[in-house]
Enquirer: 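Questions regarding the structure given below will be posed in turn.
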Amino acid sequence: MAIILIGFMASGKSTTAQFIDPDAIDTDTIISSKFGMTTAEYFEKYGEEIFRLREEEVLGKYINFDKIISTGGGIVESVTNQRLLSSQSQVVYLKADFEILVRRIAADKRNRRSLFENSTVSEFRAIYDRRTSIYEELSTLTIDTTNKSIQEIASEILASFS
Ligand code: S3P
(Lines give C-alpha, C1' and ligand atoms only; values in the text may rest on other atoms or scores of the structure.)
Protein backbone atom coordinates (compact mmCIF):
# COMPACT_ATOMS: atom_id res chain seq x y z
CA MET A 1 0.00 0.00 0.00
CA ALA A 2 1.21 3.50 -0.82
CA ILE A 3 2.55 5.95 1.74
CA ILE A 4 1.45 9.37 0.57
CA LEU A 5 3.04 12.59 1.82
CA ILE A 6 0.87 15.69 1.84
CA GLY A 7 1.42 19.19 3.20
CA PHE A 8 2.03 22.76 2.21
CA MET A 9 4.70 23.89 -0.27
CA ALA A 10 8.26 23.46 1.06
CA SER A 11 7.21 21.24 3.95
CA GLY A 12 9.81 18.63 2.92
CA LYS A 13 7.55 16.08 1.19
CA SER A 14 9.80 15.35 -1.81
CA THR A 15 13.05 15.40 0.15
CA THR A 16 11.65 13.04 2.78
CA ALA A 17 10.19 10.68 0.19
CA GLN A 18 13.48 10.58 -1.75
CA PHE A 19 15.39 9.97 1.47
CA ILE A 20 13.22 6.94 2.26
CA ASP A 21 13.29 5.64 -1.29
CA PRO A 22 15.19 7.18 -4.22
CA ASP A 23 12.55 5.59 -6.47
CA ALA A 24 9.71 7.34 -4.68
CA ILE A 25 7.07 8.87 -6.91
CA ASP A 26 6.77 12.64 -6.95
CA THR A 27 3.64 14.02 -8.61
CA ASP A 28 5.30 17.31 -9.62
CA THR A 29 8.26 15.49 -11.20
CA ILE A 30 5.95 13.24 -13.19
CA ILE A 31 3.98 16.19 -14.52
CA SER A 32 7.16 18.13 -15.37
CA SER A 33 8.75 15.21 -17.22
CA LYS A 34 5.58 14.40 -19.10
CA PHE A 35 5.09 17.94 -20.36
CA GLY A 36 8.73 18.99 -20.61
CA MET A 37 8.39 22.04 -18.38
CA THR A 38 8.56 22.90 -14.70
CA THR A 39 5.33 22.82 -12.72
CA ALA A 40 5.54 26.62 -12.44
CA GLU A 41 5.73 26.91 -16.22
CA TYR A 42 2.84 24.48 -16.64
CA PHE A 43 0.81 26.34 -14.05
CA GLU A 44 1.42 29.65 -15.81
CA LYS A 45 0.75 28.32 -19.30
CA TYR A 46 -2.45 26.34 -18.61
CA GLY A 47 -3.70 27.66 -15.27
CA GLU A 48 -4.39 26.08 -11.92
CA GLU A 49 -7.54 24.22 -12.91
CA ILE A 50 -5.81 22.25 -15.67
CA PHE A 51 -2.82 21.62 -13.43
CA ARG A 52 -5.17 20.06 -10.86
CA LEU A 53 -6.51 17.70 -13.54
CA ARG A 54 -2.94 16.58 -14.25
CA GLU A 55 -2.49 15.92 -10.54
CA GLU A 56 -5.69 13.87 -10.48
CA GLU A 57 -4.40 11.71 -13.33
CA VAL A 58 -1.06 11.12 -11.66
CA LEU A 59 -2.47 10.40 -8.21
CA GLY A 60 -5.18 8.16 -9.67
CA LYS A 61 -2.54 6.20 -11.54
CA TYR A 62 -0.04 5.68 -8.72
CA ILE A 63 -2.17 5.52 -5.58
CA ASN A 64 -2.50 1.76 -5.80
CA PHE A 65 1.24 1.21 -6.14
CA ASP A 66 3.16 -0.05 -3.16
CA LYS A 67 5.32 3.11 -3.17
CA ILE A 68 6.10 6.32 -1.33
CA ILE A 69 4.38 9.18 -3.13
CA SER A 70 5.19 12.84 -2.52
CA THR A 71 2.60 15.30 -3.75
CA GLY A 72 2.33 18.97 -4.67
CA GLY A 73 0.96 21.10 -1.86
CA GLY A 74 -2.25 21.81 -3.75
CA ILE A 75 -3.14 18.20 -4.51
CA VAL A 76 -5.86 18.39 -1.86
CA GLU A 77 -7.62 21.22 -3.72
CA SER A 78 -9.31 18.69 -5.99
CA VAL A 79 -12.40 16.91 -4.69
CA THR A 80 -11.43 13.87 -6.76
CA ASN A 81 -8.07 13.77 -5.02
CA GLN A 82 -9.69 14.31 -1.63
CA ARG A 83 -11.82 11.23 -2.29
CA LEU A 84 -8.83 9.21 -3.42
CA LEU A 85 -6.83 10.21 -0.35
CA SER A 86 -9.64 9.54 2.07
CA SER A 87 -9.67 5.92 0.92
CA GLN A 88 -6.05 5.50 2.03
CA SER A 89 -4.73 4.55 5.44
CA GLN A 90 -1.14 5.80 5.08
CA VAL A 91 -1.46 9.49 4.40
CA VAL A 92 1.18 11.56 6.17
CA TYR A 93 0.76 15.29 6.76
CA LEU A 94 4.08 17.11 7.15
CA LYS A 95 3.14 20.09 9.23
CA ALA A 96 5.14 23.31 9.56
CA ASP A 97 4.48 26.90 10.59
CA PHE A 98 3.47 29.39 7.94
CA GLU A 99 6.40 31.73 8.69
CA ILE A 100 8.97 28.95 8.33
CA LEU A 101 7.46 27.78 5.05
CA VAL A 102 7.32 31.28 3.59
CA ARG A 103 10.97 31.80 4.45
CA ARG A 104 11.91 28.53 2.74
CA ILE A 105 9.77 29.23 -0.33
CA ALA A 106 11.25 32.71 -0.74
CA ALA A 107 14.78 31.32 -0.44
CA ASP A 108 14.19 28.42 -2.85
CA LYS A 109 15.71 29.54 -6.12
CA ARG A 110 15.33 26.14 -7.79
CA ASN A 111 11.55 25.71 -7.44
CA ARG A 112 9.34 28.63 -8.28
CA ARG A 113 5.80 28.57 -6.89
CA SER A 114 3.31 30.57 -8.96
CA LEU A 115 0.77 30.84 -6.15
CA PHE A 116 3.39 32.37 -3.91
CA GLU A 117 4.64 34.77 -6.56
CA ASN A 118 1.16 35.92 -7.48
CA SER A 119 -0.36 36.32 -4.01
CA THR A 120 -0.09 38.90 -1.29
CA VAL A 121 1.06 37.58 2.08
CA SER A 122 -2.49 37.64 3.42
CA GLU A 123 -3.84 35.82 0.36
CA PHE A 124 -1.10 33.22 0.73
CA ARG A 125 -1.86 32.89 4.43
CA ALA A 126 -5.53 32.29 3.57
CA ILE A 127 -4.52 29.44 1.24
CA TYR A 128 -2.37 27.97 4.02
CA ASP A 129 -5.18 28.22 6.57
CA ARG A 130 -7.78 26.73 4.28
CA ARG A 131 -5.56 23.83 3.25
CA THR A 132 -4.41 23.11 6.78
CA SER A 133 -7.85 21.85 7.77
CA ILE A 134 -8.00 19.66 4.64
CA TYR A 135 -4.56 18.18 5.33
CA GLU A 136 -5.64 17.46 8.89
CA GLU A 137 -8.83 15.81 7.80
CA LEU A 138 -7.26 13.60 5.14
CA SER A 139 -4.14 12.48 6.97
CA THR A 140 -3.83 9.35 9.07
CA LEU A 141 -0.54 10.55 10.57
CA THR A 142 0.59 14.12 11.26
CA ILE A 143 4.25 14.91 11.80
CA ASP A 144 5.14 18.29 13.22
CA THR A 145 8.37 18.90 11.33
CA THR A 146 9.53 21.84 13.47
CA ASN A 147 13.15 21.31 14.49
CA LYS A 148 13.23 17.82 12.99
CA SER A 149 15.77 16.60 10.46
CA ILE A 150 14.70 14.76 7.32
CA GLN A 151 16.16 11.58 8.87
CA GLU A 152 13.98 11.98 11.96
CA ILE A 153 10.87 12.60 9.90
CA ALA A 154 11.62 9.58 7.72
CA SER A 155 12.17 7.35 10.79
CA GLU A 156 8.88 8.48 12.27
CA ILE A 157 7.04 7.59 9.08
CA LEU A 158 8.70 4.19 8.78
CA ALA A 159 8.11 3.37 12.44
CA SER A 160 4.42 4.22 12.09
CA PHE A 161 3.77 2.05 9.11
CA SER A 162 6.11 -0.90 9.56
C1 S3P B 1 1.61 23.89 -5.54
C2 S3P B 1 2.69 23.29 -4.96
C3 S3P B 1 3.89 22.91 -5.73
C4 S3P B 1 3.51 22.59 -7.18
C5 S3P B 1 2.76 23.74 -7.78
C6 S3P B 1 1.49 24.06 -7.02
C7 S3P B 1 0.48 24.30 -4.67
O8 S3P B 1 4.51 21.77 -5.14
O9 S3P B 1 2.71 21.43 -7.24
O10 S3P B 1 3.60 24.86 -7.78
O11 S3P B 1 -0.60 24.66 -5.19
O12 S3P B 1 0.65 24.25 -3.43
P13 S3P B 1 5.30 21.79 -3.71
O14 S3P B 1 4.30 21.51 -2.66
O15 S3P B 1 6.30 20.69 -3.85
O16 S3P B 1 5.91 23.13 -3.60
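Each ligand, and each atom within it, is numbered from 1 in the order the structure gives. By convention here, the first residue in the shown sequence is residue 1.
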Enquirer: For D28 and T39, which I'm curious about, is there any donor-acceptor pair between the side chains at under 3.5 Å?
Expert: no
Enquirer: Restricting to salt bridge (Lys or Arg N to Asp or Glu O under 4.0 Å), what partner residues turn up for D108, sequence neighbours left out?
Expert: R113
Enquirer: Sequence neighbours excluded, which residues qualify as ring pair (Phe, Tyr, Trp, His ring centres under 6.0 Å) partners of F19?
Expert: none
Enquirer: Write out all pairs satisfying salt bridge (Lys or Arg N to Asp or Glu O under 4.0 Å) with one or both partners inside residues 59-75, taking only residues at least two apart or from two chains.
Expert: D21-K67
Enquirer: One thing to verify: whether R52 and E55 come together as a salt bridge, which I'm taking to mean a side-chain N less than 4.0 angstrom from a carboxylate O.
Expert: yes
Enquirer: Pairs of nitrogen or oxygen atoms, one from ligand 1 and one from the protein, closer than 3.5 Å: please tabulate them with distances.
Expert:
unit_1   : atom_1 : unit_2 : atom_2 : d
ligand 1 : 8 (O)  : D28    : OD2    : 2.8
ligand 1 : 9 (O)  : D28    : OD1    : 2.7
ligand 1 : 9 (O)  : D28    : OD2    : 3.1
ligand 1 : 11 (O) : R52    : NH2    : 2.7
ligand 1 : 11 (O) : R131   : NH2    : 2.9
ligand 1 : 12 (O) : G74    : N      : 3.1
ligand 1 : 12 (O) : R131   : NH1    : 2.7
ligand 1 : 14 (O) : K13    : NZ     : 2.6
ligand 1 : 14 (O) : G73    : N      : 2.7
ligand 1 : 15 (O) : D28    : OD2    : 3.4
ligand 1 : 16 (O) : R113   : NE     : 2.8
ligand 1 : 16 (O) : R113   : NH2    : 3.1

Enquirer: For S119 versus F124, what's the shortest heavy-atom pair and its separation?
Expert: CB-N, 4.0 Å
